[in-house]
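Some notes on the structure that comes next.
Naming: A, B, ... by sequence-line order, numbering from 1 per chain.
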Amino acid sequence: MTEDRLIDKIIDVSLRRGFICPTAEIYGGAGGFYDYGPLGTLLKQKIIDYWRQNFVLDTDNIFEVSGSLLMPESVFQASGHLDAFDDPLTQCSVCNSMFRTDQLINDAANISAEGLSIEEQDKLIQEHNVKCPKCNEDLSKSRNFNLMFKTEIGPSGGYAGYLRPETAQNIFINFKRLTAFMRNKLPFGIAQTGFSFRNEISPRNFIIRLRQFEQMEIEMFFDPDDKEVSSPFEIAEDLKINFVTHEMQEKGWEKPLSLSLQEVKQQNLVPNDYLLYFFALETEMLIDFGVKQEDFWFRHMLPHETPHYSGGNFDLEVNLSVGHKEIIGNAYRRDYDLKKHSKASNSSFTIAYSDGRKVLPHVVEPSLGVDRILYTVLEKCYREDDRGWSWFQFPSIIAPLEVAVLPLMKKDGLANLAYEVHRELKNSGYISFYDESGKIGKRYARADEIGIPYCITIDYESLKDSSMTIRDRDSMKQIRIPLEDLDITLGELMDSEVEFEEYEQ
RNA sequence: GCGCUAAUAGUCUAGUGGCUAUGACUUCGGCCUUCCAAGUCGACGACCCGGGUUCAAUUCCCGGUUGGCGCACCA
C-alpha cells in the first residue's frame with residue numbers, strides 16, 4: 001500500500017468516496033473523460049465559487065459571461081485554430097513512429113511547410129527523399145489530425161461546427177457588445193467558466209490531461225500604451241511569488257527565485273502589470289486552498305513554447321507526484337485575437353478616446369484549469385498515517401462537506417436530537433452531513449477521510465443542557481458549546497476568524 | 001497513435017477448460033457500545049467488451065476498450 005504512487009491513492013479514494021469516476025465506466029469507459037461524483041462536484045463548485053468571488057465579483061471592472069460550447073467553423077477559421085490544431089502526421093513504415101510532416105520537411109530540407117496542403121507536403125517529402133529520422137526507412141502518406149471535435153449544425157449537413165477548444169473565443173467574438181456594455185472604457189475584464197474540448201492524442205494521468213476539461217478564464221483588455229495597472233486594479237507589491245526566468249532556464253535551475261511583485265516589476269521580468277495583478281490572485285488562491293508556496297512557481301515560457309503572437313506566457317507550475325504540471329497559464333495575447341476576428345468579420349474593435357485617438361486593446365489571459373487545480377488540491381491535502389489510514393486536510397473554504405453531525409449513540413434519543421441539529425445547520429446554510437451508523441470512532445474516521453473539517457457530537461450531556469461538542473479534524477480535539485452558539489462558532493471557525501485552539505480552555 | 005504490460009464485487013485480492021468462483025476491507029440491517037475505523041450475527045455485491053476454438057471459456061486464441069510505463073504529441 002505504501003509503495004503505491006500518490007496518484008493511485010488519490011484515484012482510489014476518488015472512486016470509493018464519490019469524488020471522480022471514469023465516464024461511461026460500465027461500457028468500458030472513454031479515454032480522457034471523467035465524471036464528477038457528489039463530493040467531487042461539491043469540491044469543484046467551491047473552487048469555482050472562490051474564483052468567482054476573488055477574481056470577478058471583488059473587482060469593479062470584471063464581469064462574467066457564459067458562451068456557447070459549440071460554434072460554427074468561421075469562428076475557428078478566423079481564430080487560427082482550424083489551421084493550428086490541424087497537424088499532418090506521417091508514420092514510419094518500419095518502426096511505426098509518428099512525426100509531424102511539416103517538422104520533418106523543415107528539419108530535412110530547411111523549407112517551411114506551414115500552410116501547405118497535405119498533398120503538397122507529401123510531395124515535398126518525396127522530392128527531398130525525407131526518411132524516418134530514427135531508422136531511415138520510408139514514410140507513409142500523411143493524414144490530418146485535428147485536435148478539435150467536429151460536428152454538423154442543423155439537418156442539412158452543410159454547416160460545420162466545432163466544440164470550442166478554449167473558452168476565450170466566445171469573448172473575442174462578442175467584443176463589440178461587451179465594449180458597449182462596458183461603455184467603451186478600458187481597462188475591463190470579461191470572465192468565463194465552462195467546458196472546453198480537445199481531442200488529445202494521448203490523455204494521461206487521471207484528470208490532468210482530459211479531452212473535456214473545465215476552464216476559468218478572464219480576458220483582461222487594456223490600452224497597450226498603458227502598461228501599468230490603473231484603478232481599480234491594485235497590485236500587492238510586497239507579496240512574494242516564486243519565479244523562473246528565461247535566463248535561469250538556459251543555465252539550468254533547481255529552485256525558483258522568491259521575488260516580491262515590486263521586484264519582478266523593477267527587473268522588467270513581465271511585459272505589463274496586469275500579469276502581476278493576476279499572479280497575486282493566483283498565488284493567494286493556491287495558498288488558501290492548502291497548497292504550500294514552495295510547491296508552485298511562475299515560469300516564463302521559452303520562445304519555442306509559445307505562439308508567435310504571444311507577448312509572453314507565464315505558466316503556474318506545481319510540483320506534483322506525476323511531475324511538474326502546468327495548472328494555470330497566463331498569456332499575454334496582445335491584440336492577436338481581436339485583430340483576426342476584426343479582419344475576418346469585417347468589423348471594428350477599436351476603442352475611441354475623446355481626443356480622437358483610437359486603440360485596439362491588448363489582452364492578458366489568466367486561464368485556470370479547474371480539473372488540474374482540483375487534482376492539485378486532492379494531492380496536496382492528502383494525509384496518511386503509519387496505519388495506512390488516510391484523510392484530506394481540506395481548508396474549510398473548499399471542504400466539500402463542511403460539518404458532520406453525529407449522535408454518540410443511536411439510542412436514548414441522542415439520534416433524534418442530533419438529526420434536529422443537523423437540520424438546523426442546513427437551514428443556516430451549512431453543507432451538513434448526518435451519520436448515525438456504527439460506532440462513533442468509525443464515523444469520525446469516515447468524516448476525516450473525505451476531509452470534513454468539523455464534527456458535532458451529541459452526547460448524554462446534550463440531553464441535559466443542549467450543549468454539544470465540536471471536534472476539530474486536524475487536532476482531533478473537542479470543545480463544548482451551548483446550542484445557541486453553534487451557528488456563530490462554526491461560522492468563525494469556517495472563516496478562520498478564530499483558531500480552534502483559542503476556544504480551548 | 002506505436003511498443004511493452006495489465007484487467008475478477010465499491011476497493012484490494014485468490015483461483016480454475018467443468019458442481020453454487022476465494023478471502024479481506026467497505027456498504028446495508030440487527031445486537032453490543034457513554035468519544036476516535038479492530039466485538040458479534042446476517043445480507044447485498046464481480047470474472048472489461050465482441051468474436052473464435054471446444055461438448056463446455058472467467059481461463060486458450062484473435063480483435064477492441066480502458067489503465068500503467070516508454071516513445072511521439074501537447075497551437
Query raised in the report: Taking the nucleotide of RNA chain B with the closest heavy atom to each, which residue, A:G28 or A:R209, is nearer the 5' end?
Result: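 Here A:G28 is the residue nearer the 5' end.
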
Query - Position toward the 5' end of RNA chain B (nearest nucleotide), A:G29 or A:V322 - result: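 Here A:G29 is the residue nearer the 5' end.
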
Select one nucleotide: of [options], the one nearest the side-chain heavy atoms of [X].
{"X": "A:M476", "options": "B:U34, B:C12, B:C36", "answer": "B:C36"}
{"X": "A:S437", "options": "B:C2, B:U33, B:C28", "answer": "B:C28"}
{"X": "A:T457", "options": "B:C35, B:U11, B:C28", "answer": "B:C35"}

Report task. Compare the aromatic ring of A:Y27 with the six-membered base ring of B:U65 and state whether they stack according to the 5.5 Å and 30° rule. Result ->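 By the stated criterion, A:Y27 and B:U65 do not stack.
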
Across all strands, who's sitting opposite [N] as a Watson-Crick or G-U wobble pair, both distances under 3.5 Å?
{"N": "B:A46", "result": "none"}
{"N": "B:A24", "result": "B:U11"}
{"N": "B:C2", "result": "B:G70"}
{"N": "B:C60", "result": "B:G52"}
{"N": "B:A38", "result": "none"}

In whole angstrom, what separates [X]'s [atom1] from [N]'s [atom2]?
{"X": "A:L15", "N": "B:U26", "atom1": "CG", "atom2": "P", "result": "18 Å"}
{"X": "A:L210", "N": "B:C74", "atom1": "CG", "atom2": "P", "result": "18 Å"}
{"X": "A:H324", "N": "B:C74", "atom1": "NE2", "atom2": "C1'", "result": "18 Å"}
{"X": "A:I458", "N": "B:C36", "atom1": "CD1", "atom2": "P", "result": "17 Å"}
{"X": "A:E317", "N": "B:C74", "atom1": "CD", "atom2": "C1'", "result": "14 Å"}
{"X": "A:L408", "N": "B:U33", "atom1": "CG", "atom2": "C1'", "result": "9 Å"}
{"X": "A:N205", "N": "B:U66", "atom1": "CG", "atom2": "P", "result": "16 Å"}
{"X": "A:I456", "N": "B:C35", "atom1": "CD1", "atom2": "C1'", "result": "14 Å"}

Euclidean distance for [atom1], [N] against [M] (whole angstrom):
{"N": "B:C48", "M": "B:A21", "atom1": "P", "result": "15 Å"}
{"N": "B:C55", "M": "B:C49", "atom1": "C1'", "result": "25 Å"}
{"N": "B:A6", "M": "B:G64", "atom1": "C1'", "result": "15 Å"}
{"N": "B:A75", "M": "B:C2", "atom1": "C1'", "result": "23 Å"}
{"N": "B:G17", "M": "B:C60", "atom1": "C1'", "result": "8 Å"}
{"N": "B:U53", "M": "B:C61", "atom1": "P", "result": "16 Å"}
{"N": "B:A38", "M": "B:A7", "atom1": "P", "result": "33 Å"}
{"N": "B:A37", "M": "B:G70", "atom1": "C1'", "result": "40 Å"}

Query raised in the report: Is A:R5 side chain donor-acceptor paired with the B:G68 base, going by distance under 3.5 Å alone?
Result: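 No.
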
**Report entry** Check: B:C35 base within 3.5 Å donor-acceptor of A:Q478 side chain
**Finding:**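 Under the 3.5 Å cut-off, the side chain and the base do form a donor-acceptor pair.
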
Requested in this report: Decide yes or no on ring pair (Phe, Tyr, Trp, His ring centres under 6.0 Å) for A:F298 and A:F314, but give the supporting numbers first.
Outcome: CA-CA 6 Å; A:F298 295 89; A:F314 301 83; 8.3 Å; no

Report task. Measure from NZ or CZ of A:R334 to the centre of the six-membered ring of A:Y332 and say whether it is under 6.0 Å with the direction within 45° of the ring axis. Result ->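 Geometry flag: set, cation within 6.0 Å and 45°.
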
Report task. Could you please spell out the steps behind the side chain to side chain contact (heavy atoms under 4.5 Å, CB included) verdict for A:H422 and A:F433? Result -> CA-CA 7 Å; A:H422 158 70; A:F433 180 73; 5.5 Å; no

Query raised in the report: Heavy-atom distance under 4.5 Å between the side chains of A:I456 and A:L425, does that happen here?
Result: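 Yes, close enough: below the 4.5 Å cut-off.
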
Report task. Summarise protein proximity over nucleotides 37-46 of chain B in one line of letters, 5' to 3': B for base, S for sugar-phosphate only, - for none, counting protein heavy atoms closer than 4.0 Å. Result -> B-B-------

Could you check whether [X] gets within reach of a base, just the sugar-phosphate, or nothing at all, counting any heavy atom under 4.0 Å?
{"X": "A:R471", "result": "base"}
{"X": "A:N313", "result": "nothing"}
{"X": "A:E166", "result": "base"}
{"X": "A:T306", "result": "nothing"}

Requested in this report: Go through the structure and list residues passing salt bridge (charged side-chain N to carboxylate O under 4.0 Å, His left out) with A:D435, not counting sequence neighbours.
Outcome: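 Expected list: A:R446.
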
Do [X] and [Y] have a side chain donor and acceptor closer than 3.5 Å?
{"X": "A:T457", "Y": "A:D459", "answer": "no"}
{"X": "A:Y454", "Y": "A:E402", "answer": "no"}
{"X": "A:Y309", "Y": "A:D337", "answer": "no"}

Query raised in the report: In this structure, are over 12 heavy atoms from other groups packed under 6.0 Å from A:K339 atom NZ?
Result: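 Counting other residues, nucleotides and ligands, NZ of A:K339 stays at 12 neighbours or fewer.
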
Query raised in the report: Should A:E166 and A:R333 count as an ion pair when the cut-off is N to O under 4.0 Å?
Result: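 Counted as a salt bridge, because a side-chain N and a carboxylate O are separated by less than 4.0 Å.
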
